[in-house]
Amino acid sequence: MRSPQERNTRLENMTWRIWNLARKKKEFEKEEACRMSKRLPETEKTRADATADMSEDLFEGEKGEDAGDPSVAYGDSTTGSSPKTSSIDKLYIVLISLHGLVRGENMELGRDSDTGGQVKYVVELAKALSSSPGVYRVDLLTRQILAPNFDRSYGEPAELLVPTTGKNSKQERGENSGAYIIRIPFGPKDKYLAKEQLWPFIQEFVDGALSHIVRMSKAIGEEIGFRHPVWPAVIHGHYASAGIAAALLSGSLNLPMAFTGHFLGKDKLEGLLKQGRQTREQINMTYKIMCRIEAEELSLDASEIVIASTRQEIEEQWNLYDGFEVILARKLRARVKRGANCYGRFMPRMVIIPPGVEFGHIIHDFDMDGEEENPSPASEDPPIWSQIMRFFTNPRKPMILAVARPYPEKNITTLVKAFGECRPLRELANLTLIMGNREAISKMHNMSAAVLTSVLTLIDEYDLYGQVAYPKHHKHSEVPDIYRLAARTKGAFVNVAYFEQFGVTLIEAAMNGLPIIATKNGAPVEINQVLNNGLLVDPHDQNAIADALYKLLSDKQLWSRCRENGLKNIHQFSWPEHCKNYLSRILTLGLRSPAIGDREEQSNTRISRRKRIVVVSVDSGSKEDLVRIIRNAIEVIRTQNMSDSTGFVLSTSLTISEIHSLLVPAGMLPTDFDAFICNSGSNIYYPSYSGETPNNSKITFALDQNHQSHIEYRWGGEGLRKYLVKWATSVVERKGRTERQIIFEDPEHSSTYCLAFRVVNPNHLPPLKELRKLMRIQSLRCNALYNHSATRLSVVPIHASRSQALRYLCIRWGIEVPNVAVLVGESGDSDYEELLGGLHRTIILKGEFNIPSNRIHTVRRYPLQDVVALDSSNIINVEGYSTDDLKSALQQMGMLTQ
């Protein structure tokens, strides 16, 4: 209807926009290729160095006989003396999945981008595990949601899940047995948060989860008659955010950790960069992708096993990460099996366990040829059938069914194009698109709204009215009925996502007798190898999709054969089979448990009698300022007559001898403190008098040996030290033709679990993220920190940090985390950000005494506000550190109430 001039102007503008987008895409691709060309040789050289170390004194056969053995490559070995699940009892398992809307019944799958297959998977996994022999209790920890416009069930602290079988009832076992969803409050109470917004509140979750796990472990121990708590056999994180939470919980409690990545960040980043629509910075701003990738790297560091659904996930996705490499993993696994030296290197076991499905919904009302054995009257048909059939002019035609949320990566528009442009297929079949639940397109997320709008536009363009169904609503319980409707019409299920991580919908379709057409990228390849119930296609080729659908639906013998194969082999994807494989792996994990001492020891320690703790963790001031802060804080507590109920802890990167030299000349007694967290969290000491009179010369410092057992996990020891010494010689300051080494080993400030290095020129230090990357490529699992204004490098175990040491103290001595106040400066050592988050009270001391933060150790992959909620009610700022300043801050935090 527009005039030719207006139409030409719009076409010209559109042409320029397309040209500009294409030009930007080429620029992004060029920049990314240049960046990768620089980084790849460095990474490959580092990996080669690590592999070369593994090549020394190899045993015969390591390069040959085990080279192709996947059990050696990934640690996925079921041979040998693995425990049988029937031989164990009273297992307590903790699963963590933080995002989305999680409940046991009537799941709102597809309501938003975070409530999808993962939510369904973890809930069904919890149910299935609780029904398995030997499992006493399963807790699925998630976020409590009290936001308006969300059902009240998401705010219930605990929800009992109905098990998949009638076994293991409470009458047969105990009050605390079974499977539960435990909702931990963290983040804003009245706001629902997308997964990208959860990062600043992860440490709050960890503190809340610690309290629950400790309490429940003790309750289970008492219930089953044990004299000690029954600690979780594993803490299993699902997705990156839950992975970092599981890593912190694993370190705090000294318990084994497992991890399932679901959809990995690096793979997503690579895909988004290839699209060329956003720069790396824009992608990070939208998806917080660098937080996600770092969390996945940390999960690799801390996990004993990583559960993948396919070999492709391991070899093509996990192999992108610094902390995992297939060849090095094979070599390390082979050396472990033979008892050879691994030079302080560790690699998590990659375990392939296909996802399970709930078989309770199967209704055997069709024979193997798809004919209905006992057809029911139309009045008995499920209501969802009529909601779909009303779209069709001829509802008797075979139904092509797709169940996917409206996201670009699900590739729904290509499916509609394939259907719309193939007239024989349109004449043969109908198309049903189950794209989650929606109220109005205008109220949907922008990305989902764009996909749905494109689908509706294509339906109009190809005039597919009467041939395509796209219902607005369906219940989770109605999904099996939708599969059955497609099977009744002798249709097919289609999943042409660009990449499919799990493929649970494919298994569900097979379970209901539907042959499949699936993407050749990801899990469907291995699913179809087992089920042999369909065809694989290139998701980018719409003609191939149309041809495969037409072939499957028009060839009745092929359709029947695929249906029969699927039903015959589907038992391999049952939840009992999944749980059997899962538990067989869990029972091979190392025997680790919290070392919290005995009651007699606790009663003789001052810190055990405290109700509150004030922790001084100021790194950004001079030693004189630190002494004044300590003296003023102690004075505030004493003048309030709270010395008996409130204790003090000094948390620092200093050694215990440096602390003694700091306090004694200033006229302070080390016994004014209940504990010292030293060497960046790798040592905890308790001061006490060796004599009867308070005399400094008789003060002794008792090392907490139990804490040492908590942090020794994957410590590289001498192998790590030798590599760091070698690396230090390569970090030089160049002036003309001369080179000067700037990092030197510092034995005086080192300890068993802290390797210290002296830095003579911080301006030439590599960024900390590069050092951590280097350690991971070498499979050296450790925590590297710059401290003392970057004049010292400390390398400690992966589970050692000042924040983790504080959690350990709270667990061991029974102190509630909200009753802890931490004093910090405006900046600090490399672990500064970890001291800010959590349920403890944080007081940031501002003022001119703060030394400007060093550029080197503040360079991070993501902004501080991405991981710390600086506007949290648990964090306050105060100008100065006078007694009045500290008193006011402690009062505001509720620390001065009797």
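What you are looking at is a predicted structure, and each value in this text was computed from that prediction instead of being measured.
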Engineer: Would a 4.5 Å heavy-atom cut-off, applied to side chains only, mark Leu269 and Tyr287 as touching?
Structural biologist: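 No - every pair of side-chain heavy atoms lies 4.5 Å or more apart.
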
Engineer: Taking Met399's backbone N and O only, do any of them form a donor-acceptor pair with Thr489's side chain (distance below 3.5 Å, no angle check)?
Structural biologist: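 Yes: the side chain of Thr489 pairs with the backbone of Met399.
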
Engineer: Salt-bridge test for Lys120 and Glu124: reply yes if a basic N is under 4.0 Å from a carboxylate O, no otherwise.
Structural biologist: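 Salt bridge between Lys120 and Glu124, a charged N being under 4.0 Å from a carboxylate O: yes.
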
Engineer: Apply the test side chain to side chain contact (heavy atoms under 4.5 Å, CB included) to residues Asn495 and Thr505: give CA-CA distance (whole Å), side-chain angles for both, the deciding distance (0.1 Å), then the verdict.
Structural biologist: CA-CA 8 Å; Asn495 179 338; Thr505 53; 3.7 Å; yes

Engineer: Between Glu296 and Arg776 (salt bridge meaning N to carboxylate O under 4.0 Å), is one present in this structure?
Structural biologist: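 Result for this pair is no, no salt bridge flagged.
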
Engineer: A side-chain contact here means heavy atoms from C-beta on lying under 4.5 Å apart; do Phe419 and Leu549 qualify?
Structural biologist: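 No, their side chains stay 4.5 Å or more apart.
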
Engineer: Report the relative orientation of the aromatic rings in His540 and Tyr498; use parallel for angles under 30°, tilted for 30 to 60°, perpendicular for over 60°.
Structural biologist: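 Plane angle under 30°, so parallel.
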
Engineer: Is the backbone of Ala544 close enough, under 3.5 Å, to the side chain of Asp538 for a donor and an acceptor to pair up by distance?
Structural biologist: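 Between the backbone of Ala544 and the side chain of Asp538 there is no qualifying donor-acceptor contact (under 3.5 Å).
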
Engineer: Taking the six-membered ring of Phe263, is the NZ or CZ of Lys268 close enough (under 6.0 Å from the centre) and on axis enough (within 45°)?
Structural biologist: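 The answer is no, since Lys268 fails at least one limit relative to Phe263.
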
Engineer: Please tell me if the side chains of His571 and Pro576 come closer than 4.5 Å, counting only heavy atoms from C-beta onward.
Structural biologist: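 Contact flag for His571/Pro576 side chains = no.
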
Engineer: Say whether, by atom type as modelled, one donor and one acceptor occur between the side chain of Asn532 and the main chain of Asn565 under 3.5 angstrom.
Structural biologist: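 Such a contact is absent between Asn532 side chain and Asn565 backbone.
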
Engineer: Please answer whether the main-chain N or O of Lys410 pairs with a side-chain N or O of Arg405 as donor and acceptor at a distance below 3.5 Å.
Structural biologist: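 Not at all, since once roles are kept as given, no pair shorter than 3.5 Å links the two residues.
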
Engineer: Ignoring hydrogens and geometry, is there a side-chain-to-backbone donor-acceptor pair from Ser309 to Gln501 under 3.5 Å?
Structural biologist: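 Looks like yes, one N/O pair under 3.5 Å.
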
Engineer: Closest approach of Met107 and Val119, non-hydrogen atoms and distance?
Structural biologist: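 So the minimum-distance heavy-atom pair works out to SD-CG1, 4.1 Å.
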
Engineer: For a salt bridge (Lys or Arg N to Asp or Glu O under 4.0 Å) check, start with the C-alpha distance between Glu105 and Lys127, then their side-chain angles and the critical distance, and finish with the verdict.
Structural biologist: CA-CA 12 Å; Glu105 303 297 330; Lys127 290 180 179 180; 3.7 Å; yes

Engineer: Heavy atoms only: give me the nearest Pro163-Ser131 pair and the separation to one decimal.
Structural biologist: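 Heavy atoms of Pro163 and Ser131 come nearest at CB-OG, 3.2 Å.
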
Engineer: Hey, are the side chains of Leu536 and Pro524 touching, using non-hydrogen atoms and a 4.5 Å cut-off?
Structural biologist: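 Counting from C-beta outward, Leu536 and Pro524 do come under 4.5 Å.
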
Engineer: Testing the basics here: between Cys562 and Asn533, what is the closest heavy-atom pair and its distance to 0.1 Å?
Structural biologist: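 Heavy atoms only, the tightest pair is O-CB, 3.1 Å.
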
Engineer: Got a donor-acceptor contact below 3.5 angstrom from the Arg183 side chain to the Val102 backbone?
Structural biologist: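 Answer holds: yes.
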
Engineer: Any chance you could lay out the side chain to side chain contact (heavy atoms under 4.5 Å, CB included) test for Trp385 and Arg484, step after step, and finish with the verdict?
Structural biologist: CA-CA 9 Å; Trp385 286 15; Arg484 288 178 55 232; 4.2 Å; yes

Engineer: Counting C-beta onward and ignoring hydrogens, is there a side-chain heavy-atom pair between Val234 and Leu91 closer than 4.5 Å?
Structural biologist: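 No, every pair of side-chain atoms sits at 4.5 Å or beyond.
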
Engineer: Validate the cation-pi geometry between Arg781 and Tyr713: distance from NZ or CZ to the six-membered ring centre under 6.0 Å, angle to the ring axis within 45°.
Structural biologist: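 Negative - Arg781 is either too far from the ring of Tyr713 or too far off its axis.
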
Engineer: Identify the two heavy atoms, one from Ala486 and one from Leu514, that lie closest to each other, and give their separation to 0.1 Å.
Structural biologist: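 That would be CB-CD1, 3.6 Å.
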
Engineer: Donor-acceptor pair, distance only, cut-off 3.5 Å: does the side chain of Glu315 make one with the backbone of Val326?
Structural biologist: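 No; zero donor-acceptor contacts below 3.5 Å.
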
Engineer: Quick one: closest heavy-atom pair of Val525 and Lys520, and the distance?
Structural biologist: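 Heavy-atom minimum between the residues: CG2-O, 3.0 Å.
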
Engineer: Heavy atoms, side chains only, cut-off 4.5 Å: are Leu249 and Leu255 in contact?
Structural biologist: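 Not in contact.
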
Engineer: Could you check whether Arg137 makes a cation-pi contact with Tyr180, meaning its NZ or CZ is under 6.0 Å from the centre of the six-membered ring and within 45° of the ring axis?
Structural biologist: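 Judged by the rule, Arg137 and Tyr180 form a cation-pi pair.
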
Engineer: Would you please say whether a donor-acceptor pair under 3.5 Å links the side chains of Glu313 and Gln317?
Structural biologist: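 Checked: Glu313/Gln317 side chains show no N/O donor-acceptor pair below 3.5 Å.
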
Engineer: Would you say the side chains of Thr260 and His236 form a donor-acceptor pair under 3.5 Å?
Structural biologist: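 Looking only at side-chain atoms, His236 and Thr260 do form a donor-acceptor pair, the distance falling under 3.5 Å.
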
Engineer: Does Arg292 use its side chain to pair, donor to acceptor, with the backbone of Lys288 at less than 3.5 Å?
Structural biologist: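 Flag not set: sc Arg292 to bb Lys288 has no pair under 3.5 Å.
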
Engineer: What are the two closest non-hydrogen atoms of Ala509 and Ile516, and how far apart are they?
Structural biologist: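 Closest approach of Ala509 to Ile516, heavy atoms only: CB-CG2, 4.3 Å.
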
Engineer: Exactly one of Val494, Leu433, Ile434 should register a side-chain contact (heavy atoms from CB on, under 4.5 Å) with Leu401. Which one does?
Structural biologist: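 The option that passes is Ile434.
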
Engineer: Using a cut-off of 6.0 Å, state whether more than 12 heavy atoms not belonging to Lys556 lie near its atom NZ.
Structural biologist: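 Yes, because the 6.0 Å sphere around NZ of Lys556 holds more than 12 heavy atoms from other groups.
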
Engineer: Between Tyr239 and His99, what is the ring plane arrangement, given parallel below 30°, perpendicular above 60°, and tilted in between?
Structural biologist: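 Judged by the thresholds at 30° and 60°, the geometry between Tyr239 and His99 is perpendicular.
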
